[in-house]
Every structure is written in C-alpha cells, then in structure tokens.
**Student:** 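Take a look at this one; I'll ask things after.
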Amino acid sequence: MKICRFLQGTNPQVRIGLVEEEHVIDLTGSGILQLADILGKSPETIGKLMVSSLPRHTFQEVRFQAPVEKQEVWAAGVTYLRSKKARMEESEISASAYDRVYEAERPEIFFKSLPEKVVGPGELVGIRRDATWNVPEPELALILSPSGSIVGYTIGNDMSSRDIEGENVLYLPQAKIYDRSCALGPFIRIGVTEAEVRAWTISVQISRGGAVVFQGETGISQIKRSFTELAGFLFRSQVFPNGAVLLTGTGVVPPDQFTLAAGDRVRIEISGIGVLENSVLVV
C-alpha cells in the first residue's frame, strides 16, 4: 500500500490519500488529516478505507506534496561500497575517515533538513552557487515512528556539493545542508518487510536539454547495514516526538567530471515506490 500528501484543486488544505493504481483516495472524510493518523495502522484497517466510498481523484487532478510533516530529516552515509569509494576519491585529506566508517560499528549519521525545508515532487532542488561540483544522491528513506520503528519507505534525493565536502570533512554540513538540498516523495510505501525492500532497485536519470546525460542503477540489497541498525543508531540518546525520516545512503554516483547545472531534470525511481522528479535551480 502507498499513502501520500496532496493538494486538490484550489483548496489550500493538504490532504492525506491512499494510492490505488492511478487514483488517490481522499481520506479527509474518514478523519485522517495527517500522516500520523494512518502510519502504523493495521493493513486490515487501511484495507477498509480502500473499499470505502471516499472521494477518488486521478493523478492529473492532484499535486503531490513531500510526505513529511513535523519530522526532522537525517541521513546515513557511506552505507554502500560505491559511496565509500566516491567520497574517498573526492577528498585526499579525509579519505581514510570514509574507509574507517564503512567498516566501523558506528555508522555516519548527520542532520539533513527541517521538514519545512523539504522539497516535494515537481519542485525545484538546489545547487549551491559557491560550489563547482554538485550531484544528486538517490536514496531510500525510512519513515520512523516516535519510538524508532520503521513504518514506511519513500524516495529521497540528498543533494550534495562534493567539492566543498572534499576540501575538508568539517565542511560536510555546508555541502549537505542548504536551501532546497533535500527532496522526498511522492509516496510512502507501507506494509512491506525489509527483506522485500531489499529486492527493490533504485535508479537515477539526469536530463539536460531533453537529452540524458547520466543514468545509473543499483540494488537496495547493496546497503551494508540493516535498516533497524541504522534507525537504532539515530535514536540513541535522541528523542523524536514526531518521528523522523532517515535517508540510507547512495550507491549511484555520477562520474567525477559530471556536475549538475541549472535546468537539469533529476528523475529517481525506486521499483517498489514510484518516481521522484525535480528540476535544478542555483541557490
């Protein structure tokens, strides 16, 4: 099952919906007004909503919003072997740090975005005007309850300035946290196990002027650490009253000579969730 946040018509109220093929079931009439009202509910309860007489809208009639409300967004890094190699290559100074964290018991976890700064489907993602090497990072995102349980999965884009991070590992926050640096959506997939999710693929395609300039794909099975392990480290000595979103790292890295440009189109697809697509803006 998939759930979403959406706008319909000129109504400014963000609604919660259930996705049924190419339609969205509007759950407002059932009293579900925010994600917390449905995340964690039993499949039987949600199934009853799918066969109800609630209003249905086609995808063309709605505008999907980022599936985040009050949750902070965090990220785990160096979870794929390919990402470890890429970040070692970008930084002569701190290459050994990435090598060590890949093998260490404790993962790299860092803050990514406040919920109000997250970009949704179809909105503009940003590249820093003071950076020269900018890339998207297609990632699986875990939707976590206030207790740290995994209640769903969505698609994330962890935009990164590789030249800034590569200059000095202490510049990581500037390379990762800036205006329009995080995109999520369009759906949250619920009711699946980690084993099922690890059978999915994640791909990215970047278009410029209508032509594809980069594309790549990997398997989510290539994430080294378990999802529960990553979530457990995030919740150590931390409290998230509204839950959290945790990006799980990237295994698809464009070549070193590639950098994003204004107007590029980034299309990320996870086979079990859908497609997140955004255009690029210099910020």
**Student:** If you take all heavy atoms of Ile220 and Tyr80, which pair is closest and at what distance?
**Tutor:**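 In this case the closest contact between Ile220 and Tyr80 is CA-OH, 4.0 Å.
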**Student:** Do Lys224's NZ or CZ and the ring of Tyr102 fall within the cation-pi criteria of under 6.0 Å and 45°?
**Tutor:**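 So Lys224 does make the cation-pi contact.
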**Student:** Atom OG in Ser145, atom CG in Asn242: separation rounded to 0.5 Å?
**Tutor:**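 Going from OG on Ser145 over to CG on Asn242, the span is 11.5 Å.
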**Student:** Quick check: closest heavy atoms across Leu144 and Ala231, and the distance to 0.1 Å?
**Tutor:**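 Where Leu144 meets Ala231 most closely, the heavy atoms are CD2-CB, 3.9 Å.
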**Student:** Decide side-chain contact (heavy atoms from CB on, under 4.5 Å) for Val280 and Leu124; before the verdict, give the C-alpha distance in whole Å, the side-chain angles of both, and the deciding distance to 0.1 Å.
**Tutor:** CA-CA 6 Å; Val280 175; Leu124 296 169; over 6 Å; no
**Student:** Please verify the inter-ring angle class for Trp74 with Phe111; under 30° counts as parallel, over 60° as perpendicular, anything in between as tilted.
**Tutor:**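 Ring orientation, 0 to 90° scale: perpendicular.
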**Student:** Might you work through the side chain to side chain donor-acceptor pair (under 3.5 Å) test for Arg198 and Ser221, ending with a clear yes or no?
**Tutor:** CA-CA 4 Å; Arg198 283 186 172 273; Ser221 62; over 6 Å; no
**Student:** Would Phe214 and Val204 count as a side-chain contact (heavy atoms from CB on, under 4.5 Å) here? Give the steps.
**Tutor:** CA-CA 8 Å; Phe214 173 77; Val204 61; 3.8 Å; yes
**Student:** Report the residue from Arg162, Lys112, Lys176 that forms a salt bridge (charged side-chain N to carboxylate O under 4.0 Å, His left out) with Glu137.
**Tutor:**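 Checked Arg162, Lys112, Lys176 against Glu137; only one passes salt bridge (charged side-chain N to carboxylate O under 4.0 Å, His left out): Lys176.
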**Student:** Spell out, as yes or no, whether a donor-acceptor pair under 3.5 Å connects the side chain of Trp133 to the backbone of Gly166.
**Tutor:**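 It does not hold such a pair.
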**Student:** Going from CG on Leu246 to CD1 on Ile109, what distance comes out if it is rounded to the nearest 0.5 angstrom?
**Tutor:**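 Between Leu246 CG and Ile109 CD1, I get 6.0 Å after rounding to 0.5 Å.
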**Student:** If you take all heavy atoms of Leu7 and Pro12, which pair is closest and at what distance?
**Tutor:**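 That would be CD2-O, 3.6 Å.
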**Student:** How close do Val266 and Pro136 get, heavy atom to heavy atom, and via which atoms?
**Tutor:**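 Here Val266 and Pro136 meet closest at CG1-CB, 3.9 Å.
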**Student:** So, for Ser113 and Val118, which heavy atoms are closest and what is the spacing to 0.1 Å?
**Tutor:**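 Distance-wise, the nearest heavy atoms are OG-CG2, 3.7 Å.
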**Student:** Using residues 13-21 as the side-chain source, report each donor-acceptor pair under 3.5 Å to any protein atom, sequence neighbours left out, with the distance given to one decimal.
**Tutor:**
| from | atom 1 | to | atom 2 | distance (Å) |
| --- | --- | --- | --- | --- |
| Arg15 | NH1 | Asp26 | OD2 | 2.8 |
| Arg15 | NH1 | Thr28 | OG1 | 3.3 |
| Glu20 | OE1 | Arg56 | NE | 3.2 |

**Student:** I'd like to know if the side chain of Thr193 and the backbone of Glu196 have a donor-acceptor N/O pair within less than 3.5 Å.
**Tutor:**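 Looks like yes, one N/O pair under 3.5 Å.
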**Student:** Taking all non-hydrogen atoms of both residues, which atom of Ile155 and which atom of Gly274 are closest, and how far apart?
**Tutor:**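 Looking at all heavy atoms of both residues, the closest pair is CD1-O, 3.2 Å.
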**Student:** Test side-chain contact (heavy atoms from CB on, under 4.5 Å) on Arg180 and Leu281; report intermediate values, then the result.
**Tutor:** CA-CA 9 Å; Arg180 300 182 178 274; Leu281 173 74; 4.1 Å; yes
**Student:** Quick one: do Phe64 and Leu33 end up in the same hydrophobic cluster if we chain Ile, Leu, Val, Met, Phe, Trp and Tyr together by side-chain heavy atoms under 4.5 Å apart?
**Tutor:**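 They do not share one cluster, since no chain of ILVMFWY contacts under 4.5 Å joins Phe64 to Leu33.
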**Student:** Sequence neighbours left out, what passes salt bridge (charged side-chain N to carboxylate O under 4.0 Å, His left out) with Glu229? Give chain and number order.
**Tutor:**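 If we apply the salt bridge (charged side-chain N to carboxylate O under 4.0 Å, His left out) test to Glu229, skipping adjacent residues, the hits are Arg225.
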**Student:** Verify the cluster assignment for Ile270 and Ile188: are they in a single hydrophobic cluster under the rule of side-chain heavy atoms below 4.5 Å apart?
**Tutor:**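 No.
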